[in-house]
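It should be emphasised that the depicted structure is a prediction, and the values quoted were computed from it without experimental measurement. Residue numbers begin at 1 in each chain, while the letters A, B, ... track the order of the sequences. Note that these values count all heavy atoms, side chains included, but never hydrogens, waters or copies made by symmetry.
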Amino acid sequence: EAGVTQSPTHLIKTRGQQATLRCSPISGHTSVYWYQQALGLGLQFLLWYDEGEERNRGNFPPRFSGRQFPNYSSELNVNALELEDSALYLCASSSVWDSEAQPQHFGDGTRLSIL
Amino acid sequence: AQSVTQLGSHVSVSEGALVLLRCNYSSSVPPYLFWYVQYPNQGLQLLLKYTSAATLVKGINGFEAEFKKSETSFHLTKPSAHMSDAAEYFCAVSFGNEKLTFGTGTRLTIIP
């Protein structure tokens, strides 16, 4: 079974540019989550998509946005990049069941560097 | 709001010794609890999860964790450390299928 795949592995941008990160979930998983892992700030929840809809959003400015496609893959877009956006961005997927929380399975991340 | 506290940002143990990584949660209702491991330049790998079925949870790579409601704890243990266990470990909490809230992580070093 293929795991969660993210692309690109590394992305280098300059301040003010826009970045697009992509994520393909495990087959059969309908939920996709995005997290930011920045140095000194730990793992912070960004966005949760399920069945094409945004279900929850973390405490991030509106220039962080995303979407989920009909095949359940997802994009994270970051506009007007700032130096502090430099981080490892992790995508996770899970199946959604009514009775019990299913664990989230993570990809290897996209490392975004802002120059 | 729920939160997770991991005591000790760095833990060092000798190869073959007991590994104990501490996690305490704060929540008004019993949460779902998870331990993840992160190796350098990789994502997070699920070690084990607690979802109320049993208080002692066995995971991969010989790790286990015990949920103690009275202590609001979910400490991770392994009887005998291996060099390959060197990594960063994260405790996380969730309620249902929403976001994970992570602790700040514990970097485990294994001394030969």
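B/K78 places a side-chain N or O within 3.5 Å of a backbone atom of B/N61 that can act as its donor or acceptor partner.
The shortest distance between side-chain heavy atoms of A/L47 and A/E54 falls below 4.5 Å.
For the 3.5 Å distance criterion, the side chains of A/E84 and A/S86 fail to qualify, holding no donor opposite an acceptor. Side-chain contact check for B/N24 and B/T5: no donor-acceptor pair (N or O, by modelled atom type) lies under 3.5 Å.
Only the side chain of A/Q37 comes within contact range of chain B, judged by heavy atoms closer than 4.5 Å. With a 4.5 Å cut-off on non-hydrogen atoms, B/Q45 does not touch chain A at all. Both the backbone and the side chain of B/L44 come within contact range of chain A, judged by heavy atoms closer than 4.5 Å. The contact between A/L90 and chain B is made entirely by side chain atoms (from C-beta outward), counting heavy-atom distances below 4.5 Å. Only the side chain of A/L88 comes within less than 4.5 Å of a heavy atom of chain B; its backbone N, CA, C and O stay farther away.
Ion pairing between A/E82 and A/R63 holds under the 4.0 Å rule for side-chain N and carboxylate O.
Counting heavy-atom pairs closer than 4.5 Å to chain B, the top-ranked of the candidates A/D108, A/L41, A/D50 is A/D108.
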